[in-house]
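Working notes for the structure below.
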Amino acid sequence: MTTLFTNIKELIQIRDAGITKVSGSEMAVLPTIQNAFLVIENDLIVDFGSMVDLPEINPDNIVDVSGKMILPTWCDSHTHLVYAGNRIQEFVDRINGLSYEQIAQRGGGILNSANKLNQTSEDDLYEQSKERLEEIMHLGTAAVEIKSGYGLTIEGELKMLRVIQRLKKACPIAIKATFLGAHAIPALYKNNREEYIDLIINEMLPTIAKEKLADFIDVFCETGYFTVSETEQIMQAGISFGLQPKIHVNQFTAIGGIQAGVNNNALSVDHLEVLTPADIAALVKSETMPVALPSCSYYLSIPYTPAREIINAGLALALASDYNPGSTPSGNMNFVVATACIKMKMTPEEAINAVTINGAYAMNLSNTHGSITIGKKANFIVTKPIASYAQLPYSFGSNLIENVFIEGKIIS
């Protein structure tokens, strides 16, 4: 089935094959074609260009999108969207003055979610998560990473990862699974951290590897959670089972976690609300992707990742939603783009690069997602009639998406 899209006001993020990410000043460049066409065949992009160069073809369908723009679907490389219930009361607690750390100390936060999840059946967890996944697809996301980490028991972690596998089979969206057993120390092991880490390494990881339930391993390397040495121990164990590291780091404090991630060839280091010159220097010498989570900063009223420092250092930067029940109960990547522009002073070009081609890199999906490239998946957003792609972050409260195509099919 061949479909031709004609009279595209602007075709955005066109790239040659082989470009896997953009860094530094290159992030300010967003290649586009005005008055363009796009040809897809089944689930792949097969041609695009200016309307004046439209070849003679006989497509099965022709779609006139006059006045509208087309750009790649969003690539969300950091989410926790498989969870049970909600944490609305903690939202109210924060309004009343409690901090994220204070809520966690009272048994809230991650441990609250773990308690809910372990009381929820796999089927119920799947249905709740599928609803969230379908929502973000309609909001323009067609590639997503989903973490475990709300089980904190063998049974709970496996339940989450099996739900992620079921979602992969049920939905056309590309999904990467991350094992985050090291999200927090469960209350049962509060006075015996080593025993829980041993459980992760010697009991959880072998089963996960045997059942091929995860692509990546993650650790919350942060004061009050996992130390740098513990993080390295867990990352190295994951590597031995074939899982590439991705770590939560520098959300509240800088304790050397970025250097540990770089030394262990982490695919990405995520959060980075607090950065030191030594952290940036370590990243400059690596292929690790920095990932910022602006919706989390917005929701928790904590500092934003210093995007300008990162980009000015010649580094790449990706943006992701951090969709989770406690610190970012939203997977709306349109809001992520707008917040990055408004609060982090990223240009629209930088923000779109960060949520498309760089987001794909942060999931090892550069060969199939993240740009309008011949041979890549036919995953793209058709906007409503808009004046400029800068209107996407400008009109931050409006839904400017008319249609989303995932693997060549419209998401209805």
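Starting from 1, each residue takes its place in the sequence as its number.
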side-chain contact (heavy atoms from CB on, under 4.5 Å) evaluation trace for Phe226 with Ile234: CA-CA 10 Å; Phe226 290 86; Ile234 295 165; 4.1 Å; yes

Donor-acceptor side-chain pairing of Gln13 and Ser371 below 3.5 angstrom: no

Verdict with reasoning, His78 to Asp322, per side-chain hydrogen bond (donor to acceptor under 3.5 Å, both in side chains): CA-CA 5 Å; His78 184 128; Asp322 195 22; 3.1 Å; yes

Other residues, nucleotides, ligands: >12 heavy atoms within 6.0 Å of Lys168 NZ: yes

Ring geometry between Phe335 and Tyr298 (parallel below 30°, tilted from 30 to 60°, perpendicular above 60°): perpendicular

Residue pair Asn334 / Leu139: nearest heavy atoms and the distance that separates them: ND2-O, 3.0 Å

Side-chain donor-acceptor pair present, Asp270, His248, cut-off under 3.5 Å: no

Heavy-atom pair of closest approach, residues Gly181 and Tyr196: O-OH, 2.7 Å

Residue pair Ser321 / Thr79: nearest heavy atoms and the distance that separates them: OG-CG2, 3.7 Å

Euclidean distance, Ile401 CD1 relative to Ile381 CD1, rounded to 0.5 Å: 4.5 Å

Residue pair Ile14 / Thr32, side-chain heavy-atom distance below 4.5 Å: no

Candidate pair Asn265 and Thr288, rule side-chain contact (heavy atoms from CB on, under 4.5 Å), full reasoning: CA-CA 7 Å; Asn265 298 313; Thr288 299; over 6 Å; no

Separation between CD1 of Ile310 and CD of Glu350, rounded to the nearest 0.5 Å: 11.5 Å

Taking every non-hydrogen atom, the tightest pair across Val291 and Ala362: CG2-CB, 4.2 Å

Given Thr73, Thr368, Asp43, Asn367, the one that forms side-chain hydrogen bond (donor to acceptor under 3.5 Å, both in side chains) with Lys377: Asp43

SB check Lys147 Asp218 (cutoff 4.0 Å): yes

Short side-chain donor-acceptor distance under 3.5 Å, Asp53 and Ser50: no

Distance-minimising heavy-atom pair for Ile372 and Leu71: CD1-C, 4.4 Å

Step-by-step salt bridge (Lys or Arg N to Asp or Glu O under 4.0 Å) determination, Lys21 to Glu26: CA-CA 9 Å; Lys21 64 177 179 177; Glu26 294 176 348; over 6 Å; no

Lys384 atom NZ, neighbour heavy-atom count above 12 within 6.0 Å: yes

Nearest heavy atoms of Phe241 and Ala209, plus distance in Å: CD2-CB, 3.6 Å

Modelled atom types, side-chain donor and acceptor of Asn353 and Asn358, under 3.5 Å: no

Parallel, tilted or perpendicular, as decided by the 30° and 60° cut-offs, for the rings of Tyr323 and Tyr83: perpendicular

For Pro59, the option from Ile40, Thr6, Thr2, Val39 that meets side-chain contact (heavy atoms from CB on, under 4.5 Å): Thr2

More than 12 heavy atoms of other groups within 6.0 Å of Phe396 CZ: no

Donor-acceptor contact below 3.5 Å, side chain Asp279 vs main chain Leu275: no

Salt-bridge criterion met for Arg162 and Glu157 (N-O under 4.0 Å): no

Chi angles and distances behind the side-chain contact (heavy atoms from CB on, under 4.5 Å) call for Ile12, Met69: CA-CA 7 Å; Ile12 300 161; Met69 300 187 182; 3.9 Å; yes

salt_bridge(Arg166, Asp123) N-O dist < 4.0 Å: yes

Neighbour count above 12 (heavy atom, 6.0 Å) for Lys343 NZ: no

Leu152 and Leu111, any side-chain heavy atoms less than 4.5 Å apart: yes

Side-chain donor/acceptor of Thr305 to backbone N/O of Ala307, under 3.5 Å: no

Any Gln244 side-chain heavy atom under 4.5 Å of Asp215 side chain: no

Ion pair Lys130/Glu134, N-O distance below 4.0 Å: yes

Validation row, ring centre Phe48 to ring centre Phe5 under 6.0 Å: no

Interatomic spacing from OG in Ser327 to CZ in Arg87 - rounded to 0.5 Å: 7.0 Å

Check: Asn263/Gln259 side-chain N/O donor and acceptor closer than 3.5 Å: no

Distance (rounded to the nearest 0.5 Å) between Glu287 CD and Tyr361 OH: 4.5 Å

Neighbour count above 12 (heavy atom, 6.0 Å) for Met51 CE: yes

Spacing of Cys296 atom SG and Asn324 atom CG [to the nearest 0.5 Å]: 7.0 Å

Thr339 side, atom OG1; Leu293 side, atom CG - distance, nearest 0.5 Å: 12.0 Å

Under 3.5 Å side-chain donor-acceptor pair for Glu90 and Asn112: yes

Verdict with reasoning, Ile70 to Thr383, per side-chain contact (heavy atoms from CB on, under 4.5 Å): CA-CA 6 Å; Ile70 288 180; Thr383 71; over 6 Å; no

Close side-chain approach of Asp16 to Thr373, heavy-atom, < 4.5 Å: no

Phe179 and Ile200, any side-chain heavy atoms less than 4.5 Å apart: yes

Sidechain-backbone polar pair: Lys246 side chain, Leu267 backbone, donor-acceptor under 3.5 Å: no

